[in-house]
Amino acid sequence: MGVAVCFLGVIMSEIILKVENLSKYYQMGEVTVKALEDVSFEVVKGEFIVILGPSGSGKSTLLNIIGGMDTPSGGRVLFNDELITNLTDKELTMYRRNKIGFVFQFYNLMATLTAKENIELAVEICENHIDIDEVVDAVGLGDRADHFPSQMSGGEQQRVAIARAVAKNPQILLCDEPTGALDYETGIQILKVLKDVNIKYKNTVIVITHNASIANMADKIIKMRSGKITDVIINSDPVSAERIEW
Amino acid sequence: MKKLDLRLLRMIKNTKGQYIAVLAIIITGIFIFTAVSNSSKNLKDSINDYYAETNFADIFVQGLSIPEKIERELPGTNNIKQADARIVFDTHFITEDKDENVKVRVVSVDKNQNLINKLFIKSGDRTLSNNKDIIIIEKFAEARNIFVGDTVKLRINGRKQEFNVIGIATSSEFAYMMENEQTILPDPQNFGVVFLEENYLRKIHGINGNFNEILIKVKDENYIEQIVDFLEDNLDKYGVTRIIKREDQLSNNLLSQEISGLEMMSKSIPVVFLSFAGVMLAVMLSRIVKKDRTSIGVLKALGFTDKEIVIHYLKYAAIVGLIGGFLGSIIGTALSGVMTNYYLVFFNIPMLTVKVYYYRIIISVILSLFFCTASGFLGVREIIKINPAESMKPEAPKEGKRIIIENIKIMWSHVPFTWKIVLRNIFREKKKFIFIGAAVAITCGMMIMTTWMIDIIDVMFNRHYSEFMKAQYNISFNGFTNDNVLNELSEQLSIDKMEGRTELPFEVENGRESKIVTIIGLRENTDFYGFEDTDGNRIKLPSNGVLISSNLAKSLNVIVGDRILIKSFISDKDVYVTVKGIVNQVLGINAYINIDYLNNMFLDKGIINGVYLNSKDNVKGKLDNMKNITIQSRDDMIKAFEEFTTVTAVSMGIMVVFSGILGFVIVYSMTLMSINERTLEFSSLRVMGFSKKEIFNMLVRENTIMTFIGIVAGIPVGLWLVNYMGETFTTDIYTMAEPVNPISIFVSIILTIIFIISAQLMTYVKIKKLDFMQALKSRIT
């Protein structure tokens, strides 16, 4: 019954992302390293997805390909039914510009720009962005917007990174270990921010992590190991960020 | 403002030390280019305007007795447009001071205005109303405080004549007022030019009312050679002694050589500076891009195109190009004014004005912008290759392989640890250190060239007037005389040494090459010349054949043993003589011949037209009453030379500073780059307990090795530059072929080291300010 409901839910809900038989190989001399092997799954619009796996499981590679930052060796990725894995460099750039928001583990802010300027940098090139001040409030930056990254804590910098990604009004927000460099309390705050923007702006959020506790807040959990999907779990009762513990 | 542009400005601010360094080199290169090329254009345009305005002659014919009818007969024949006859002779200018020996060239002019070689009146009047009116050339009037309304005295035909100064003028023929090819420098205190009314001079000095010179303007300059041949054939009967084309006219010739030298300099020196700036920009940007690898990946992840990111970084180089080009050309334009005014000291060109060439400023900016952007592109093209996914990953540590000298285990095992780090760094970053070494080599080389130029002028002059040509006095007679005059002189003066000599202009030919030079006839065992061949061996004046100066040998393309044709202006005879030796001569261009051999070929036995004389007596004072002689003393030449060297020393000093700036800027900025890139490495050393001073010493050791290698390489670079400059700046007056004095090399090395040490000390300030500990904590891109 649950599966049927899930299936029906899939049919009724809009599929924003389809990954079909995706593979990525690296040649290291005579050795072929399989970073991804025959990965397939779908993502519904507005879902909060966690891709869970240990280090080297291929989750970052998967995220990079979905985000148009890398190209696969085989398989397809369709975004809103548009094939993105055969786009040209320029088309991929436009895809990243207008459709995707990226949050990195180590924030990767521009050191010589203030928090607000970092956000403005991202939206200057966007066609249809969200008001910057609204996003600054949404992530809880408050009066830190005119500070430089070197004047901020790790948590504050990650809020800026999230604001930078969200302000572009992306359809998918991709987060690579967003709490990896943060302590527990700060990490929880960041997860709450991500969930808040997921609800407020109705964008799809994909978080990759090795921290199983975080998976509890997801709508769907995709487990990976050694470049393959080992399990896809629909979480019918996702918990709020504040209730997560590790 | 776009955020990328804001980022750019802050990036420039954060690297301002290096940015200013490369900007300084661009500015220097551009302003040298602008200053020198503007000055040369000022000079060239002014001269052309001046010649056009004054209808400067194309051909000068010197003869013995040219009738007035030639003025009417020549125009219209054989491409000759105009002809103007005149009288020219040298005489004494009588002064209050009996010890002074002042000469003037008297030139006849039309009452109102000449047809050819018009005077340019600076003050007073041009019209010579009566026989006692005189016009004085400006430089001479300034040197001797002569003004309109003054009276001056000349000795003409043995009698004192008084004249009224009605005008002060300049003449295009005497823009560079040299007495003859033998004088090295103008001496307006002791030699000038005066202009008297033509009919008056024909009566009192004319040869039966005839003239001794005729000026020619041609219709088509392409036929100059044919016209010269025509004149030689048709005016021979009037005793033509010399036919001089405009290009060989003394003043014009020297001006042309000066302009050529400037044009060469405006092209060569800026290329050195701009090349170094280009390499620095490419290196700087390449390293910035490498350091910004993750940022570039983030920008790509955000959706910036490769083109947008490349342009963002290229703007860094473009701004240097724009600012450098603009400032350099503005400073250069201002400096060209200074240089042009400097030329006014030596050249008398009334139309020499300082012009601002706005189009050149625009061209300089465009050139600089293009050059910097192109260099910058070499550094940033790696951006295109950066894969955003790869750039997020930490960069692999540098390869840690062993360097080549580690294979010499005996040596390597004794090298202290801190020196091991230094040597490994040098070998791992070979390109960077080769660049530093090259900069030091160029700096040292340019210092050697500059100190050589400072030395050589002094050496040339002193050597010429003490070792080569040893006469204290060179007395010239107005015409030929018998060597019995030597006895007359002995009676009047207490003489140490004396010899009769003959100095005459000849055309010397070797196939298609020819040159008009003064050939000096000397006693075979002359005491007044010390001839050395190009290997430094003493050679004697041969009894037959000729010795020629090395610059004449080069000009005619002859070697010892070749035969050259000597064509006389005073007789129809052309004689082949054998070149018996080639002599080192630093000043002037001449040939030397046994006087008996010369007289045998062209004159009569015992004929001389001058005397070389060494005496402690008051030569000028005692010979003041002798008619028709001019006396040139070595002391007067040395005094004129000292004024010249003061001005030259200033420009040489500026060259030393420029050379030093290059080395300073490169060492400074490359060291800063090193500090920025190795902050984490240095932080680790600090954690281990190294002090800031010890870390600084590590950098100093790296640069010391490259400085040492650069200085060693700089010596052959300097010697090459010396050779190049010597060949480029050698003219008929100067032969710059002196070897470099080892002391000059030593001084150059010391100066180079001073500039490099200064650069190093400035980087210590930066090291002291760095917070190494913060770098270890920092995770910001």
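Keep in mind that the numbers below use all heavy atoms, side chains included, and drop hydrogens, waters and symmetry copies. A note on names: the letters A, B, ... follow the listed sequences, proteins ahead of strands, and every chain is numbered from 1.
Contacts between B/Lys13 and chain A at a heavy-atom distance below 4.5 Å are absent for every atom of the residue. Looking at B/Asp306, neither its backbone nor its side chain comes within 4.5 Å of chain A, counting heavy atoms on both sides.
Closest of all the heavy-atom pairs between A/Met69 and B/Pro388 is SD-CB, 3.6 Å. The shortest heavy-atom contact between A/Leu113 and B/Arg10 is CA-NH1, 3.5 Å.
The stretch residues 60-76 of chain A participates, sequence neighbours left out, in these salt bridge (charged side-chain N to carboxylate O under 4.0 Å, His left out) pairs: A/Glu20-A/Arg76, A/Lys24-A/Asp70.
Heavy-atom contacts from other residues, nucleotides or ligands closer than 6.0 Å to OH of A/Tyr184 number more than 12. Other residues, nucleotides and ligands contribute over 12 non-hydrogen atoms within 6.0 Å of the CZ atom of B/Phe435.
Residues of residues 79-95 of chain A lying under 4.5 angstrom from chain B, judged on non-hydrogen atoms, are A/Thr93, A/Met94 in numerical order. Scanning residues 125-147 of chain A against chain B with a 4.5 Å non-hydrogen threshold yields A/Ile125, sorted by number. Annotation: residues 114-124 of chain A contacts chain B through A/Thr114, A/Glu117, A/Glu120, A/Leu121, A/Ala122, A/Glu124 [non-hydrogen atoms, separation under 4.5 Å].
In this structure, the separation between CZ on B/Phe304 and CZ on A/Arg96 is 11.5 Å, given to the nearest 0.5 Å. The OG1 atom of A/Thr112 sits 10.0 Å away from atom CG of B/Leu9, with the distance rounded to the nearest 0.5 Å. Distance CE/A/Met110 to CG/B/Leu299: 3.5 Å, rounded to 0.5 Å.
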